[in-house]
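Scope of the values below: all heavy atoms of this structure, side chains included, with no hydrogens, waters or symmetry mates. Counting starts at 1 for both ligands and their atoms, following the listed order.
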Amino acid sequence: MSTKTATPTAVESQKDSSMLMQKRMINSNYDALTSAPETGRKVCSTFVPGNLNELIQCFGMINNLPETNAIQNAMRQQSGGMIQTAERQGHSEDVCTYVKADIGMMSKGNIAPNGKPMPNPDMLLLSYTGCFTFMKWFELLRQEYKCPTVMLQVPYQGDGEITQNMRDFVVKQLKEEVIPTMEQVSGVKFDIDRLRENMRRSAQAEDDLVWVLESAKNKPSPIDAYFGAIYYLGPMFTAFRGTQEAVDYYKVLRKEIEERIAKSQGPITPEGEIQKERYRLVVEGPPNWTNFREFWKMFYEEGAVVVASTYTKVGGVYDQGFRHDADNPLESLADYCLGCYTNRNLPKRVELLEQYVNEYEADGLLINSIKSCNSFSAGQLMMMQEIEKRTGAPGAFVETDLVDPRYFSAANVKNRLESYFQMIEQRRQGRMIATAS
Ligand code: SF4
């Protein structure tokens, strides 16, 4: 069952504004990174969950995110060879493929997506937000680069709450370890007013981002909150949170979405606009990157729109009310790290999914189970069953990988999706008959 494609003009006009702006921003960060040897700016490598971009900017450092590099390489069909290089060096098949893509990229000359050599990091900043792999990954990088390394230990939300003790523990480390190391590496003295300014801008951009994500409550939804939202989150999750560029980007994006709502338009996809929304889904788990477009097309062809997803919360769960707070900058950085999706226990994740299914009036929950991401995959079957029980919405499982092309079986994924959509359809018919009789 296919939806009709939009005119190329409609797709192009979307590209002309926010998408092009987003692309320029991401490219500009790669240019800043690869020109660091000439500009003398220092490079801080860190991860998306627990990314302290506002703080990094206070020291004039450039933010380098290894997961984002792996994603960029996957979308350019480069990651497969990098992963095999890492496996030949002894990294097991079961290791998170972001890690192997990164190790393979280093071994192949560490060329950035702009085709220029990536500089070595001057500092590794590990905000440990619930995924054990982060720690082993930076251990490997530390051996390679031998640069100052800081581990910000963020207590796991095992009991599903953030206590004052946990917050104080993180703030103490920021004051006593993270900030002094940044001062030493960059040669710049910490200025808390600069941090406050960055955080003010973060909060502004976060307000607009939340508005955009919540626009999916409309029917039809003007956005796809999984595939499409990946683009919207690029600036927020990478090197731009806290900048004026991010504030401007989210204003432009919000305006575009407002126009789409006013015209009752569905989401733009690479194949065109979804003109008839047939299924509204919540998705749990990261996307597959090597076959991103092919995967999205399977949804497009069925008129399936993702109205909420948990992956789009890995760099901050802003829709639950958190904002960077300029009046309490260090405490707020602590709360940001403590609240990351990967730092939440399973009951909290289930609660969030339940809320999404209900508030976004979704037809069901789809789990994209990632072969090499234990942090997300552990407990997903239980989560699915629990959501089915609590909401009555059917769940389904597909299995792919992050950036390893060997684990994307298009035929299998398509079959499963088709059966799932049929199941949703049958339930609808059943409900209609029950109501009529
Ligand atoms: S959360 Fe998953 S994808 Fe991210 S580093 Fe951990 S194992 Fe890898």
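Close contacts between ligand 1 and Tyr98 involve ligand atoms 3 (S) [criterion: under 4.0 Å to a heavy atom]. With ligand atoms numbered from 1 in the order given, ligand 1 contributes 3 (S) to contacts under 4.0 Å with heavy atoms of Leu402. Atom numbering of ligand 1 starts at 1 in the shown order; those under 4.0 Å from a heavy atom of Ser375 are 1 (S).
Of the possible donor and acceptor atoms, one in the side chain of Thr243 sits under 3.5 Å from a partner among the backbone N and O of Ala246. Asn53 places a side-chain N or O within 3.5 Å of a backbone atom of Arg241 that can act as its donor or acceptor partner. Between the side chain of Gln77 and the main chain of Thr290, a donor-acceptor pair closer than 3.5 Å is present.
Using a cut-off of 4.0 Å between Lys/Arg side-chain N and Asp/Glu carboxylate O, Lys175 and Glu331 are scored as not salt-bridged. Here Lys389 does not pair with Glu354 in a salt bridge; the nearest charged N to carboxylate O distance is not below 4.0 Å.
Using a 4.0 Å cut-off between heavy atoms, Val99 makes no contact with ligand 1 at all.
The protein atom (non-hydrogen) at minimum distance from atom 2 (Fe) of ligand 1 is Cys373 SG, 2.3 Å. Nearest non-hydrogen protein atom to atom 5 (S) of ligand 1 is Phe134 CE2, 3.5 Å. Atom 6 (Fe) of ligand 1 has as its closest protein heavy atom Cys131 SG, 2.2 Å.
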Just do the side chain to side chain donor-acceptor pair (under 3.5 Å) check on Gln164 and Arg167 with the steps written out, would you?
CA-CA 5 Å; Gln164 191 56 40; Arg167 190 175 290 121; 2.6 Å; yes

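Atom 2 (Fe) of ligand 1 lies at 2.8 Å or more from every N, O or S atom belonging to Cys96.
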